[in-house]
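What you are looking at is a predicted structure, and each value in this text was computed from that prediction instead of being measured.
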2 protein chains.
Amino acid sequence: MTTQTATEEQYTIGDFAKKVGLTAPTLRYYETEGLIEPHRLANGRRYYEEADINWVKFLLHLKGTGMSITELKQYVLWRAAGDDTIPERLDLLKKVKSDFLVQFNEVQHHLQILNDKINWYEEKEAGVTRDPESFRAYLDRFGHHE
Amino acid sequence: MTTQTATEEQYTIGDFAKKVGLTAPTLRYYETEGLIEPHRLANGRRYYEEADINWVKFLLHLKGTGMSITELKQYVLWRAAGDDTIPERLDLLKKVKSDFLVQFNEVQHHLQILNDKINWYEEKEAGVTRDPESFRAYLDRFGHHE
DNA sequence: ATATTACTTAAAGTACACTTTGAGTCAACA
DNA sequence: TGTTGACTCAAAGTGTACTTTAAGTAATAT
C-alpha cells in the first residue's frame, strides 16, 4: 500500500523557478551548494515536486534572516545526518536569531535617523529657502552623536 | 573675527577610523567615492575634524537603511549643489525609506518563520527522540505556504 | 641612530551570491 | 521536418563593497 497525495505534480526547473521566485540558474547553483536535490527524469532532466516548494521557501526564509549559503549548507548537512544533530541545528538557528535581533535593533535606529532627516528636509522645504543654513550649522544642530 | 569652537581637534586617518568604527583603507575608499573629503596637512597627510565624525556617522546610518555607495554619492553630489536639490534629496530619502519598509516587513516575516522553527525544534527536543518524524511528514505539518 | 609604526599612492585581490556564456541535447509545435 | 524554446554541463564573468599588496615616505620611541 503506497501513500500518495492527489497532487503529485512535477515541475520542470523553469516552472519551478517561477513558483518559488528564483531563476533556473539560481536553482542549479543552490543544487551545487547542496541545498536542493531535485529528482531526475529518465532523460536526465530535473523535476521538482510540491514538497520542494515548501523546502525552498523555508530556505529563503532562513536566508532572509541573514543565514549565508554556507550556513544553510551546514544546516542541510545536519538535517541529512538525522535527529542526533538537532541540538546543532537548534544552536545554529538560535545564533542566527540572536544576530538577527542585533541587526534588527540597529536597523531601526538607522530608520529613525532617516526619518529625522526626511522631516528636517520637509520642514526646510516648508520654510521656502528662508534662512539658508550652512552645512556646518546644520551639523551642529543635527548632532545626534549616538 | 573668526568663530571657533574650543574643540578644533585633528585626527589622523587611523585615529579617525577608530572613532567611526571603520578602517583607514575604507575611509580612503569612501573618499575616492566622493563621500568624504578630509583636510590635508602640509606634508600631504589627511586629517579629520570633529564635524567629520558626525558626517560619517550620518552616512553610515543612511547606508544602514539600505542606501548603496552609489546612492550616497548621488546624495553628496546633490548636497554640494546647494539648496536647489533639496527636492531630489528628499525624493531619494523617501524612496530609500519606502524600500526599507518593504524589506522590514519581509524580514519580520522571515523572523517569524525562524521563531516557529526554533520552537518546533525545542518541542521536539523536549519530546526526547519519541516519534521520529520523517522530513516529508514534517513538511506536511509545517506547511505554512505563505 | 635606528627600529617600529603610520602614513602615502595605485592597482590588484577577495568574498559573496549569483549570472552569463558556450556548446550541445532534447521536446513541442506548424 | 524544421525551428523555436527549454533543457544539460562546466567554466568564466559580474556587481558590490571593500581589503590587501607593494613600494615608498614620514613620524615616533628607545
Side-chain angles (χ1 to χ4, degrees), chain A residues 9-49 52 56-76 96 99-100 103 106-107 110, chain B residues 9-49 52 56-57 59-76 92 96 99-100 103 106-107 110:
Chain A
E9 227 176 316
Q10 294 180 356
Y11 300 97
T12 65
I13 194 170
D15 293 341
F16 187 73
K18 277 167 202 153
K19 275 263 176 196
V20 297
L22 297 172
T23 65
T26 301
L27 286 171
R28 293 193 197 97
Y29 166 66
Y30 282 1
E31 189 179 336
T32 68
E33 295 300 315
L35 304 187
I36 321 168
E37 213 180 304
H39 317 272
R40 296 282 181 154
L41 297 169
N43 60 26
R45 295 195 170 184
R46 293 168 180 83
Y47 72 89
Y48 302 78
E49 291 174 0
D52 298 318
V56 170
K57 287 193 172 174
F58 176 59
L59 282 180
L60 293 179
H61 281 307
L62 291 188
K63 192 162 174 301
T65 61
M67 275 179 83
S68 66
I69 300 286
T70 305
E71 284 173 321
L72 287 170
K73 193 188 316 193
Q74 178 63 78
Y75 181 86
V76 170
V96 167
D99 292 353
F100 175 93
Q103 281 296 309
E106 283 176 12
V107 117
H110 297 320
Chain B
E9 227 175 317
Q10 293 180 354
Y11 300 97
T12 66
I13 193 167
D15 292 342
F16 187 72
K18 276 168 201 151
K19 275 263 175 194
V20 296
L22 296 171
T23 65
T26 301
L27 286 171
R28 292 193 196 96
Y29 165 66
Y30 282 0
E31 189 179 338
T32 66
E33 295 301 315
L35 305 186
I36 320 166
E37 213 181 305
H39 317 270
R40 297 281 181 154
L41 297 168
N43 60 22
R45 295 196 169 183
R46 294 169 180 82
Y47 72 89
Y48 301 78
E49 291 174 358
D52 298 319
V56 169
K57 286 193 174 175
L59 282 180
L60 293 179
H61 281 307
L62 292 187
K63 192 163 174 298
T65 61
M67 274 179 87
S68 65
I69 299 288
T70 305
E71 284 173 321
L72 287 170
K73 192 189 317 193
Q74 177 64 80
Y75 182 85
V76 170
L92 175 56
V96 167
D99 292 352
F100 175 92
Q103 282 296 309
E106 282 176 13
V107 117
H110 296 322

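For A/L27 and C/dC18, the CG to P distance is 11 Å, given to the nearest whole Å. Following rounding to the nearest Å, B/D15 (CG) and C/dC7 (C1') show an atom-to-atom distance of 12 Å. The CD-C1' distance, from B/E71 to D/dT16, rounds to 12 Å in whole Å. The NZ atom of B/K73 sits 12 Å away from the C1' atom of D/dT16 (whole-angstrom rounding). Note: CG (B/L35) to P (D/dC18) measures 9 Å, nearest angstrom. Look at CD1 on B/I36: it is 13 Å from C1' on D/dC18, rounded to the nearest Å. Rounded to whole angstrom, the span from the CD atom of A/E33 across to the P atom of C/dA15 amounts to 15 Å. The nearest whole Å value for the distance from the OH atom in B/Y29 to the P atom in C/dA15 is 17 Å.
When the side-chain nitrogen and oxygen atoms of B/N43 are compared with OP1 and OP2 of C/dC7, none of them lie within a distance under 4.0 Å. In this model, the phosphate group of D/dT19 is approached by a side-chain N or O of B/T26 to a distance below 4.0 Å at OP1 or OP2. In terms of phosphate contacts, B/T12 brings a side-chain nitrogen or oxygen within less than 4.0 Å of OP1 or OP2 of C/dC7.
You'll find that the side chain of A/Y30 is closest to C/dC18, out of D/dC9, D/dT25, C/dC18. The B/R45 side chain lies nearest to D/dA27 when the options are D/dA27, C/dC26, D/dC9. Side-chain proximity of B/R40 to the nucleotides D/dT8, C/dT9, D/dC7 is greatest for C/dT9. For A/I69, the listed nucleotide lying nearest its side chain is C/dA17; candidates were D/dT8, C/dA17, C/dT19.
Positionally, the nearest nucleotide of DNA chain D for A/G14 lies more toward the 5' end than for the other of A/G14 and B/T23. Sequence order on DNA chain C of the closest nucleotides to A/P25 and B/R28 puts B/R28 first from the 5' end. DNA chain C is contacted by both A/K63 and B/Y47; B/Y47 maps to the nucleotide lying nearer its 5′ end (nearest heavy atom per residue).
Side-chain contact between B/E37 and B/D52 is absent, with no heavy atoms from C-beta onward closer than 4.5 Å.
Screening A/L22, A/L27, A/V20 for a side chain to side chain contact (heavy atoms under 4.5 Å, CB included) with A/I36, the sole residue that qualifies is A/L27.
A salt bridge links B/E31 and B/R40; the closest N-O separation between the charged side-chain nitrogens and carboxylate oxygens is under 4.0 Å.
Note that CZ of B/R45 is 9.0 Å distant from OG1 of B/T12, once rounded to the nearest 0.5 Å. Taking NZ of A/K19 as the reference point, atom CD of A/E9 lies at 6.5 Å (rounded to 0.5 Å).
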